[in-house]
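Before any comments, here is the structure.
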2 protein chains.
Amino acid sequence: MNTLRDPLLMPLTAEHNHQQCVSRALNTAEQLCLNRGVQLTAIRLQVLSLIWADHKAVKAYELLDRIKPLQSAAKPATIYRALDFLIEQGLIHRIESLNAFVGCRCSGQPHELLLLICKQCEEVEERAALEVMHTIANELTAAHFIVHSKAIEIQGICGKCALQSLSESST
Amino acid sequence: MNTLRDPLLMPLTAEHNHQQCVSRALNTAEQLCLNRGVQLTAIRLQVLSLIWADHKAVKAYELLDRIKPLQSAAKPATIYRALDFLIEQGLIHRIESLNAFVGCRCSGQPHELLLLICKQCEEVEERAALEVMHTIANELTAAHFIVHSKAIEIQGICGKCALQSLSESST
DNA sequence: TTGCTAAGATTACATTATAACAATCGCTAC
DNA sequence: GTAGCGATTGTTATAATGTAATCTTAGCAA
C-alpha cells in the first residue's frame, strides 16, 4: 500500500491540490452510489460539491445560500434532505459540536474517526486513529456498552495555524 | 483510595441511592463555589437540582418548563445563563450530539471523559478512561494539534438495558 | 451618598431543524 | 400505454434551540 496516496495519511497542507482532492471525492461518490444502487441526484451532487468547496465545516443555511443561485427554489428541507442522504452514504460527516458538516476524505471505507477542528482556520481534519478506537472499544466492553455511533471531536489549533502564529510572533 | 466510593467507578445501577447521589452533588457544588468565590445563586442551584432529577440528558427548554413553577418569570436566557455558569464551573456537561445537559458526577476534579449515552433509557454515564485519553493525546501530538476541548460521545445501549432486553426476549 | 459590579429581567431576534402534504418523475406489471 | 408504485423534490408552516442588546436590581465599597 502506498501510504503517500492514502488520503487519511495525507496532511492537509496549504499545498495540497484541492482541485484534485475535490474531483477524487466526487468520483468516489458517484462510483459508490452506482455500486449501491442509490441516486446521486443533481441536488445531492450540488450540495456535496458545495461542501467540498474547502475543508472547512459548513453550516446548513450557508449551503442553502450557496445553492440558491443554482436551485432558486431551494428551501431548508432541500438541504437537510440532501445532507441526510450524504451522511447515510458516508460521504460527509456531521460535526455535532458545531452543528455543521464537512466532506469525508475516506468515503466508502467503513471508518470511525477523530475530527480535529481548528478554531482559527476552521478546517477539519480526519484521523483514523486506530489505537484510539481500540482503547475506546476496550473501555466500552468494560462498561458493557453496545455502540451504535461515536462522535469524537477535538477543538483547538491545528499544526499549520500554530506554526503560523509562532512565526508571526517571532518577527 | 477506596474505589467503591469513587463516583467514577460506581456503576449507574438501578439500586443506586439517588437521593444520596443528588445531595452529594449539590453539596460538592456548594463547597466548590464557596472555595472559588463564585455564587451558586438560587436560580443556578435550582437549575442544577433539576438537572440532577435523574441521570438522563435534559434539554434547555425542558429545564425552562420545569423551572417555571418556581421562577414564573424564567425565559430562555435565564436557563442558558445558569447552564453557562454550571458548565464553566464543571458542575454539568453539555452533550453536543443531543443539545442537552447532564450532571457531572466528578465535579471539581479536572477531568476529561467519555460520555456513554443510552438511546433506550437515555441515561448518560461518564467514564474517565485514562487509556483512551492517553492514546488521543498521542494522536494529537502526532498531528501537531493543540487541544482546547474534547467531546467524546458514544451513543448506544447501556449494559443495564442490554441485559433487560436479553432477559425479556428469553421469556 | 455615590458608584461599581455581578446577577438577573425583558424583549426581540437569529439560527437550526422538522412536519405534513402536494407534485413530479421514472419504472414496471398489466 | 397506462395505472400504480416508490423515490425524490416542492411548498408551507412551524418547532426547537440559542443569543444579542438593553435595562434593572442588589450588594458592597469608597
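All values below come from the heavy atoms of this structure, side chains included, with hydrogens, waters and symmetry mates left out. Naming convention: chains lettered A, B, ... in sequence-line order (proteins, then strands); numbering from 1 in each chain. The structure displayed is predicted, hence computed values, not measured ones.
The separation between Lys68(A) atom NZ and dG10(D) atom C1' is 14 Å, rounded to whole Å. Distance, Leu70(B) CG to dA9(C) P: 13 Å, rounded to whole Å. One interatomic measurement links the two molecules: CG of Leu64(A) to P of dG10(D), which rounds to 12 Å at whole-angstrom precision. Atom CD of Glu62(B) is separated from atom C1' of dA16(D) by 12 Å (rounded to the nearest Å). Atom P of nucleotide dA7(C) and atom CD of Gln46(B) are separated by 16 Å, given to the nearest angstrom. When the P atom of dT5(C) is taken as reference, atom CD of Gln39(B) falls 15 Å away, rounded to whole Å. At whole-Å resolution of the value, CG in Leu63(A) and P in dT16(C) are 11 Å apart. In this entry the distance linking NZ of Lys75(A) with P of dT11(D) reads 5 Å, nearest Å.
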Just the table, please: protein N/O against nucleotides 23-30 of chain D N/O, every pair under 3.5 Å.
none

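For Arg44(A), whose side chain is taken as the heavy atoms from C-beta onward, the closest listed nucleotide among dA17(C), dT11(D), dT8(D) is dT8(D). Comparing dG18(D), dA7(C), dT10(C) against the side chain of Ala60(B) picks out dG18(D) as the nearest. Relative to the side chain of Pro76(B), the nucleotides dG18(D), dA9(C), dT10(C) differ in distance, and dG18(D) lies closest.
Minimum interatomic distance between Ile51(A) and Gly103(A) (heavy atoms only, all atoms of both residues): CG2-N, 3.3 Å. Between Glu30(B) and Leu40(B), the closest heavy-atom pair is CG-CD2, 3.7 Å. Heavy-atom minimum distance, Cys104(A) versus Trp52(A): O-CZ2, 3.2 Å. In this structure, Arg66(B) and Ala53(B) approach most closely via the heavy-atom pair NH1-CB, 3.8 Å.
Side chains of Gln155(A) and Ser97(A): a donor on one and an acceptor on the other come within 3.5 Å.
At the phosphate of dA17(C), OP1 or OP2 sits under 4.0 Å from a side-chain N or O atom of Asn99(A). For the OP1/OP2 pair of dA6(C) and a distance below 4.0 Å, the side-chain nitrogens and oxygens of Thr41(B) include no atom meeting the criterion. Distances shorter than 4.0 Å separate some side-chain N or O of Lys59(A) from OP1 or OP2 on dT16(C).
Note: Leu83(B) CG to Leu91(B) CG = 11.5 Å, rounded to the nearest 0.5 Å. Taken to the nearest 0.5 Å, the CD atom of Gln20(A) stands 11.5 Å off from the NE2 atom of His18(A).
In terms of the salt bridge (Lys or Arg N to Asp or Glu O under 4.0 Å) criterion, Glu153(A) has no residue partners (sequence neighbours excluded).
Contact annotation for Ala74(A): no contact, since no heavy-atom pair falls under 4.0 Å across all strands.
For Gln46(B), the CD atom sits in a packed shell: over 12 heavy atoms of surrounding residues, nucleotides or ligands are nearer than 6.0 Å.
Residue pairs meeting the salt bridge (Lys or Arg N to Asp or Glu O under 4.0 Å) criterion with at least one member in residues 85-96 of chain A, sequence neighbours excluded, are Arg94(A)-Glu96(A).
Near DNA chain C, meaning a heavy atom under 4.0 Å from it, residues 78-95 of chain A has Tyr80(A), Arg94(A) in order of number.
The backbone N or O of Glu126(B) sits nowhere less than 3.5 Å from a side-chain atom of Arg105(B) that would complete a donor-acceptor pair.
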* Asked: Would Thr135(B) and Thr135(A) count as a side-chain hydrogen bond (donor to acceptor under 3.5 Å, both in side chains) if you check the C-alpha gap in whole Å, the side-chain angles of each, and the deciding distance to 0.1 Å?
  -> CA-CA 8 Å; Thr135(B) 52; Thr135(A) 53; 3.1 Å; yes
Donor-acceptor pairs under 3.5 angstrom involving side-chain atoms of residues 136-148 of chain A: please list them, not counting sequence neighbours.
{"from": "Glu139(A)", "atom 1": "OE2", "to": "Arg127(B)", "atom 2": "NE", "distance (Å)": "2.8"}
{"from": "Glu139(A)", "atom 1": "OE2", "to": "Arg127(B)", "atom 2": "NH2", "distance (Å)": "3.0"}
{"from": "Thr141(A)", "atom 1": "OG1", "to": "Ala137(A)", "atom 2": "O", "distance (Å)": "2.9"}
{"from": "His148(A)", "atom 1": "ND1", "to": "Lys119(B)", "atom 2": "NZ", "distance (Å)": "3.2"}

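Along DNA chain D, the nucleotide nearest Ile43(A) and the nucleotide nearest Ala100(B) are compared for position; the residue whose nucleotide lies closer to the 5' end is Ile43(A). Both Leu98(A) and Ala73(B) sit near DNA chain C, but only Ala73(B) has its closest nucleotide nearer the 5' end.
Lacking a ring centre under 5.5 Å from that of the base six-membered ring together with a plane angle below 30°, Tyr61(A) does not count as stacked on dT15(C).
End-to-end axis angle of the helix from dT1(C)-dA30(D) to dC30(C)-dG1(D), using five pairs per end and rounding to 10°, comes to 0°.
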